[in-house]
Amino acid sequence: MLSMTAIAVVRLRSLFGVVMLFGIYSLLSALIFVVLDAIDVAFTEAAVGAGVSTVFMLATLVSTGREEKPSRYSPLLPLGVVVVTGAALVWGTLDMPHFGDPGNPVHVHVADRYVQVSPTEVGIPNMVTSVLASYRGYDTMGEVIVIFTALVGVLSLLTIRGHVTVPRHRTTGPDSRPYPVLQVMAMLLIPFILVFALYVQFHGDFGPGGGFQAGVIFASAIILYALTFGLNDAVALVPVWLIRVLAAAGVLIYGGTGVVSMLRGANYLDYDVLAHDPVHGQHYGILIIELGVGITVATVMIGIFFAFVSRAEGSR
Amino acid sequence: MIQDHLAALQVVLPLLAAPLCFLLARQRLLAWLLTTLVSWGCLAISLALWWQVRDGDVIHYAFGGWDAPWGIEYVVDRLNVLVLVIVSGIAAITFPAARCSVEKEVPEDRQGLLYTALLLCLAGLLGITITGDAFNLFVLLEISSLSSYTLISLGRDRRALTASFQYLVMGTIGATFILIGVGILYMLTGTLNMADLAVRLPALGESRAMQTAFGFLIIGVGLKLAMFPLHLWLPNAYAYAPSIVSAFMAATATKVAVYVMVRYLFTIFGPAFSFTEMHVQLLFIPVGLIAVVFTSIVALFQHDIKRMLAYSSVAQIGYMLVGIGLVNVSGLTAALLHVFNHALMKGALFLALGATCYRIGAPLIDNLRGLGKQMPWTMAAFVGGGLSLIGVPLTAGFISKWYLILAAVERGWWPVVVIVVISSLIAVIYIWRVVEAAYLQERPDDAATVTEAPLALLVPTWILVLANFWFGVNPGALTALAGDAASVLFGGYTW
Amino acid sequence: MVFSLFNYWVVIVLMMAGFYTVIASGNLVKKIVGLNIFQTSVFIMYISVGKVIGGTAPIVAANTELYSNPLPHVLILTAIVVGVATTALGLSLIMRIRQAYGTVEESEILDISTREDEAG
């Protein structure tokens with residue numbers, strides 16, 4: 001099914017359809033992630049791929065037009081490149097360790113410690129969170145910086161306009177009519193989404209979830225608000241200066257935690273020294289940095305969405 | 001205490017300065033001051049690291065206190081400290097010049113963001129160089145790439161936007177190829193730590209999956225280092241970016257990619273696998289030589305001097321690939337030296353062009369006519385950098401080309417020697433075009449009279465020009481460092 | 001034997017579909033969609049590597065011994081974020097390109113640029 005969707009994307013010329021299919025593709029891959037035991041990843045892929053990315057793409061289509069023109073170049077050269085690359089990969093797979101075998105090198109080296117010792121060493125049941133936030137916490141800090149860089153990039157390309165000359169209470173979608181029913185529904189839904197975001201934020205130690213997923217969900221609540229009530233109201237709710245300050249603050253919270261552990265005589269991002277005993281220290285450390293992740297991700301997503309919609313409204 | 005944390009601070013300092021700079025974005029002067037101070041701090045740290053590893057020690061720094069391979073570690077040895085010094089050194093020289101040039105070329109409300117992106121780019125490049133973890137490298141690579149796309153898109157010309165987009169697409173393909181390669185290596189060994197990979201990969205014996213991973217990594221890194229014919233993104237990106245960005249990126253970005261290539265070939269896969277089993281030199285030598293000749297010729301026909309220098313950069317990367325492909329210690333020494341020296345010369349040339357743009361706008365060859373009299377110091381700096389690019393004796397460029405020729409002679413590959421000499425002659429021609437326009441032609445009557453560029457731009461430019469001559473006359477310390485690093489790499493070195 | 005590698009082959013087909021879209025499509029938006037598909041398929045490859053048949057999600061639970069490998073999950077969480085960051089930046093570039101050139105078709109932009117380059 002996934003392959004069919006992907007091939008349909010290649011063939012289709014209607015960009016709107018392409019983007020919609022991409023959303024479906026993301027959801028399908030999220031399902032596959034669930035089957036493969038990667039619940040956290042599935043959660044994220046559904047929120048990001050099917051949610052945020054698709055919304056961004058749709059917002060782009062508003063200002064760029066929906067149809068693709070036929071390419072004048074022959075598709076043979078790219079096809080050749082692709083076939084060669086694919087063949088190389090297939091050739092390589094013949095030697096690969098077999099799918100799902102518990103004796104594969106990936107399961108017996110390095111990962112064994114995460115699985116066997118992390119619940120006592122880091123002290124939380126969700127191993128994905130302990131690897132993410134502690135063992136490979138520096139990667140996660142890099143990921144927060146990447147998303148922050150994206151905000152810097154988008155803001156240097158597009159400007160968020162708080163006061164567009166569009167009447168209040170209009171939707172930002174292609175059809176601009178007020179939708180009272182939708183607005184009431186949204187008002188009912190948004191508090192639940194926000195509560196759910198907070199739950200995901202602080203429950204990441206025990207079940208799937210964490211700062212990143214929570215940030216995206218939080219942002220989606222604001223995006224829903226912006227979609228139903230218009231950009232002006234949304235910007236009034238979450239002003240641009242707040243987005244800038246919080247996005248930077250999230251990164252600083254994360255990085256600052258590392259500096260604190262350094263000042264306490266341990267290596268950068270070593271949470272052991274944050275409390276009287278290591279396991280508590282790990283707990284505090286993970287809680288704090290997940291908060292930093294959540295804040296930055298939520299504000300960056302909101303900021304990027306605002307910037308996109310400002311442009312889309314400006315172009316109409 | 002602080003000396004134990006230098007390795008982490010090298011990257012964390014600019015990384016955390018970036019959000020601060022973002023908060024200060026509206027105070028342009030403060031943002032610039034912060035950026036400059038941080039770049040000097042980075043240079044100080046990298047020099048201190050050099051001091052610590054000068055006798056061949058290797059520094060390991062475990063993030064989060066988790067030892068490798070469970071955690072992420074930073075590793076500093078004599079090979080990457082060379083790259084750290086050059087990247088932070090170029091930053092420390094170009095960032096102070098940024099204010100003047102950026103005020104002229106970038107809208108006021110974007111300047112703070114530009115400084116933030118510069119810091120992020122610097123942090124990413126330093127991080128790629130210092131990290132000892134294959135996946136961490138991917139993350140830092142994306143930090144530097146995303147900030148580079150941003151920096152390029154801030155150019156004045158609308159072609160900067162398409163150049164940036166083209167780079168984004170090709171860069172992301174490259175990064176994804178690297179991700180596939182790293183994924184296969186992980187699948188085979190269960191580890192992401194480079195030192196651990198280096199131990200475990202040879203134990204696998206002949207593995208087709210490993211060969212596939214090798215291919216994907218070479219192509220992925222090749223896209224990033226603008227290996228011919230994957231260089232298509234580079235000329236436009238450097239030509240249309242703001243001047244200061246061109247100067248910084250041309251001098252550093254591709255050098256870091258060359259380092260990554262060397263690290264993969266020698267430390268992770270090991271010379272035995274890379275050269276005896278995979279015969280990567282059969283790719284590098286022809287590709288390098290074609291790049292050297294072909295792009296030098298293309299450079300001849302450019303109106304835009306920035307584009308001309310960008311094509312010449314692709315040619316210079318060709319020299320480095322040839323140096324690696326010669327598979328002997330002197331060849332690798334030449335490649336490493338050229339990484340360093342090319343950063344010096346391209347930094348000087350692009351900064352001199354930045355100073356020119358400050359006064360005349362677009363750096364088209366016709367606009368340069370008669371400038372030799374009106375901007376004598378700027379043009380003299382350009383000529384100085386140009387001499388080094390050609391490889392005239394007593395300049396840094398001569399040293400690395402000399403080693404390259406020695407290495408080729410050692411192999412007995414005379415055609416390589418001939419091609420290196422020919423391409424140097426082509427470089428004489430394209431530098432001469434500029435000299436001719438600037439000194440031998442009269443300034444057209446309708447052209448505005450301009451004065452010398454401000455000191456804020458001239459001083460950094462001349463520091464780099466003089467560095468070219470300094471390292472041309474006193475190459476001892478540097479060649480010793482590069483030579484040591486090269487012989488260690490060939491000696492079946494593991495971290 | 002064949003079945004045990006089947007997963008990887010499906011991933012490769014997806015990868016190549018995405019890759020083809022990136023390099024063959026002339027429309028910039030579609031290129032970005034292609035990049036996303038390309039990346040997502042690499043994610044599936046990583047996650048497949050981490051699966052242990054008979055294992056469960058790597059969250060400690062009573063009476064479970066066998067867990068799937070958490071490390072690829074972490075890597076892919078990071079990679080997804082990187083992907084969305086790239087997408088956002090790419091799309092905002094597209095909007096600016098559209099404003100500057102009036103089109104998002106690569107060939108039309110190329111024509112305009114070539115004319116500009118010739119003009120100097």
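Side-chain atoms are counted along with the backbone in the values below, which use heavy atoms only and exclude waters and symmetry mates.
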**Message:** Heavy-atom pairs under 4.5 Å with chain A: which of B:L154, B:T212, B:I72 has the most?
**Reply:** B:I72
**Prompt:** Measuring heavy-atom distances to chain A, does B:L120 have an atom under 4.5 Å in its side chain, in its backbone, in both, or in neither?
**Reply:** side chain
**Asked** Measuring heavy-atom distances to chain A, does B:D196 have an atom under 4.5 Å in its side chain, in its backbone, in both, or in neither?
**Response** side chain
**Prompt:** Given a strict heavy-atom distance threshold of 4.5 Å, which part of B:I143 is in contact with chain A: side chain, backbone, both, or neither?
**Reply:** both
**Item:** A:N267 side chain to B:F63 backbone, donor-acceptor under 3.5 Å
**Value:** no
**Complete:** Residues B:P19 and A:F148: closest non-hydrogen pair is CA-CZ, 3.7 Å
**Request:** Pick whichever of B:L188, B:V106, B:L140, B:L151 has the most heavy-atom pairs under 4.5 Å with chain A.
**Result:** B:L188
**Item:** Toward chain A, the part of B:T189 with a non-hydrogen atom under 4.5 Å
**Value:** backbone
**B:L113 versus A:V152, closest heavy-atom pair with distance** = O-CG1, 3.8 Å
**Over all atoms of both residues, closest heavy-atom pair of B:A25 and A:R244** = CB-NH2, 3.6 Å
**Heavy-atom closest pair, residues B:R110 and A:S156** = NE-O, 2.8 Å
**Complete:** Separation between CZ (B:R208) and CH2 (A:W91), nearest 0.5 Å, reads 5.5 Å
**Complete:** If one checks every heavy atom of B:L114 against chain A at 4.5 Å, the contacting part turns out to be neither
**Message:** A quick test of your reading: do over 12 heavy atoms of other residues, nucleotides or ligands sit less than 6.0 Å from NE2 of A:H280?
**Reply:** no
**Request:** Using a cut-off of under 4.5 Å on heavy-atom pairs, state which of A:V154, A:V251, A:V273 scores highest against chain B.
**Result:** A:V251
**Asked** Does a side-chain heavy-atom distance below 4.5 Å link B:D133 with A:Y138?
**Response** no
**Message:** Is the positively charged end of A:R136 above the ring of B:F135, judged by distance under 6.0 angstrom from the centroid and angle within 45° of the axis?
**Reply:** no
**Item:** Student check: side-chain heavy atoms of B:R26 and A:W241 closer than 4.5 Å
**Value:** no
**Item:** Contact winner vs chain B - A:V131, A:D139, A:T149, A:V146, heavy-atom pairs under 4.5 Å
**Value:** A:D139
**Request:** Please flag which part of A:Y114 lies under 4.5 Å from any non-hydrogen atom of chain B: side chain, backbone, both or neither.
**Result:** side chain
**Asked** Does some side-chain heavy atom of B:F22 sit less than 4.5 Å from a side-chain heavy atom of A:L155?
**Response** yes
**Prompt:** Heavy-atom distance under 4.5 Å to chain A: side chain of B:Y149, backbone, both or neither?
**Reply:** neither
**Message:** Less than 6.0 angstrom separating the ring centers of B:Y74 and A:Y268, yes or no?
**Reply:** no
**Message:** Please give me the minimum heavy-atom distance between A:V245 and B:L23, naming the atom from each residue.
**Reply:** CA-CD2, 3.7 Å
**Message:** Using heavy-atom distances under 4.5 Å, tell me whether B:F177 contacts chain A through its side chain, its backbone, both, or neither.
**Reply:** side chain
**Item:** Side chain, backbone, both or neither of A:S261 within contact of chain B (heavy atoms, under 4.5 Å)
**Value:** neither
**Item:** chain A contact via B:L15 - which portion, at a heavy-atom distance below 4.5 Å
**Value:** both
**Asked** Between A:A248, A:A150, A:G137, A:A88, which has the largest tally of heavy atom pairs under 4.5 Å with chain B?
**Response** A:A248
**Item:** Engaged part of B:F214 at the chain A interface, taking heavy atoms whose separation is under 4.5 Å
**Value:** neither
**Message:** I want to know whether A:Y135 and B:W70 have ring centres closer than 6.0 Å.
**Reply:** no
**Asked** Hey, are the side chains of A:M262 and B:V12 touching, using non-hydrogen atoms and a 4.5 Å cut-off?
**Response** no
**Message:** Could you measure the distance from the CD1 atom of A:I145 to the OG atom of B:S147? Nearest 0.5 Å is fine.
**Reply:** 10.5 Å
**Message:** side chain to side chain contact (heavy atoms under 4.5 Å, CB included) for B:I184 and A:L89? Distances and angles first, verdict last.
**Reply:** CA-CA 10 Å; B:I184 298 176; A:L89 268 174; 4.1 Å; yes
**Prompt:** With only heavy atoms counted, which part of B:I180 is less than 4.5 Å from chain A, the side chain, the backbone, both or neither?
**Reply:** side chain
**pair B:L16-A:V259: side-chain heavy atoms closer than 4.5 Å** = yes
**Prompt:** Can you say whether B:L161 sits under 4.5 Å from chain A via the side chain, the backbone, both, or neither, judging by heavy atoms?
**Reply:** side chain
**Message:** Could you check whether any side-chain heavy atom of B:V139 comes within less than 4.5 Å of a side-chain heavy atom of A:T140, counting everything from C-beta outward?
**Reply:** no
**Shortest non-hydrogen contact between B:T150 and A:G153, atoms and distance** = OG1-CA, 3.3 Å
